[in-house]
Amino acid sequence: MKQQLLEKFGEIFGEEGGEARVYFAPGRVNLIGEHTDYNGGHVFPCALTIGTYGVARKRKDRALHMYSLNFESLGVIESSLEELEPSREAGWTNYPKGVIWAFLQKGMEVTNGMDLLLFGNIPNGSGLSSSASVEVLTGFILRDMYGFRASNQDLALIGQYAENCYNGVNCGIMDQFAIAMGKAGSAIFLDTATMEYEYAPIALEGAKLVISCSNKKRGLGDSKYNERRSECETALAELQKVVDIRTLGDLDEEQFETYKGAIQDAVRVRRARHAVYENQRTIKAVAALKANDIEAFGRLMNASHVSLRDDYEVTGPELDTLVEEAWKVEGVIGSRMTGAGFGGCTVSLVKDGAIETFQEQVGRKYRETIGYDADFYVVEIGGGSVVL
Ligand code: GLA
């Protein structure tokens, strides 16, 4: 892979101009803890072995020349350090450019342009964080190129900052954190209120993680995402009038039931209920995993989906069909939507012997109900971002 990418880089950008280096940043899947990361709750994501490869070389001038093997028809997209503003024409380059902008905002002097070639094997728009992967990748490249003092965790925060302030999605820290801090074979139990985290080994004896991709692009999802976030913020402000909390993650189920009357709107009660209960489910799920009770973990995954469907309303017919059909397959330990929702993927824990039936049965029902195919990936938990 590395050699092929370097050759392609030479073909596109020429051999002159010094040595180019190769980098990798994974995609991620969240096992449980959805829409909790901007509510001061816990998340439990892991990095994948699929992700984004980047080849980069510092330029002598201030030009930015970027090429993606995933969008070859767009050719080399050119801009410069003088043009660090989001634009429609910039297309996918808004992600790496956003991170360069964020470094400058944080006082890290990016003085030169770069030639950048990307190749991603995360299915596009799948909700496995292809954009966060590009953001963290760019952070790794810049740190390596300039020797900036920034920890992997700092690079995650810078990636999130770029997504929030340059690309306009008010996301939490989960995706960039999982991608920058991933560890092979483990998921990350992160408390987004304190940023304390712990690696939890996922030893799935006799079972695998299967991602089912709905092939429904997120589209409107980004604006809905910001809407959910502000609904939670309003609910929090209402609750703060009657109870001393900093985030929805500070409440357990019982406290929520006691104070929920302060929320003035029935829809907002459901949104906040999801945030509170999902956080508690995540804590319970990690405890179940530690106790080797994978069945309990699976039940919590299922309950997570129900709450995302009924209370948070971020699923839709595509994700619901994938999950509800998965639940019917014998040998499925748990199944739920993963990521922001409104399209994208589901994650299922499936016993080895049931994987084939799962793909056949869920695939067929999905085509019958939705009218086009879903894609299935049996995935492995990979490490974080690296210089190759
Ligand atoms: C997206 C965001 C994350 C998180 C999830 C939902 O992936 O980028 O920060 O909020 O949605 O859990």
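Whatever order the structure lists ligands and atoms in, that order sets their numbers, starting from 1. What's counted below: heavy atoms across the whole structure, side chains too, no hydrogens, waters or symmetry copies.
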Within the 4.0 Å heavy-atom shell around G339, which atoms of ligand 1 are there?
6 (C), 11 (O)
One pair to check against ring-ring contact (aromatic ring centres under 6.0 Å, His included): Y67 and W92. What are the steps and the verdict?
CA-CA 10 Å; Y67 185 90; W92 67 266; 8.4 Å; no
Heavy-atom closest pair (K260 atom, E257 atom, distance to 0.1 Å) is NZ-OE1, 2.6 Å
Which atoms from ligand 1 have a heavy atom of Y38 less than 4.0 Å away?
10 (O)
Partner of D311 under side-chain hydrogen bond (donor to acceptor under 3.5 Å, both in side chains), picked from R273, R270, H274, is R273
Atoms of ligand 1, numbered as shown, that sit under 4.0 Å from any heavy atom of M174:
4 (C), 5 (C), 12 (O)
Is there at least one pair of N or O atoms, one from H35 and one from ligand 1, spaced under 3.5 Å apart?
yes
I need the atoms of ligand 1 closer than 4.0 Å to a non-hydrogen atom of C171, numbered in the order shown.
2 (C), 8 (O), 9 (O)
Is there a path of hydrophobic side-chain contacts, each under 4.5 Å between heavy atoms, that joins V387 and I141?
yes
Do R281 and S307 have a side chain donor and acceptor closer than 3.5 Å?
yes
Where do A180 and N152 come nearest, in terms of heavy atoms and distance?
CB-O, 3.4 Å
Residue G172 vicinity, atoms of ligand 1 by number, heavy atom under 4.0 Å:
9 (O)
Can you sort out which atoms of ligand 1 are near Y225, meaning under 4.0 Å from one of its heavy atoms?
1 (C), 2 (C), 3 (C), 4 (C), 9 (O), 10 (O), 11 (O)
Looking at every non-hydrogen atom in both residues, tell me the closest pair between F140 and Y23 and how far apart they are.
O-CE2, 4.1 Å
Closer than 4.0 Å to some heavy atom of A340 - which atoms of ligand 1 meet that?
1 (C), 7 (O), 11 (O)
Does even one non-hydrogen atom of D37 get within less than 4.0 Å of ligand 1?
yes
With respect to atom 6 (C) of ligand 1, which of R28, R228, E34 exhibits the smallest heavy-atom separation?
E34
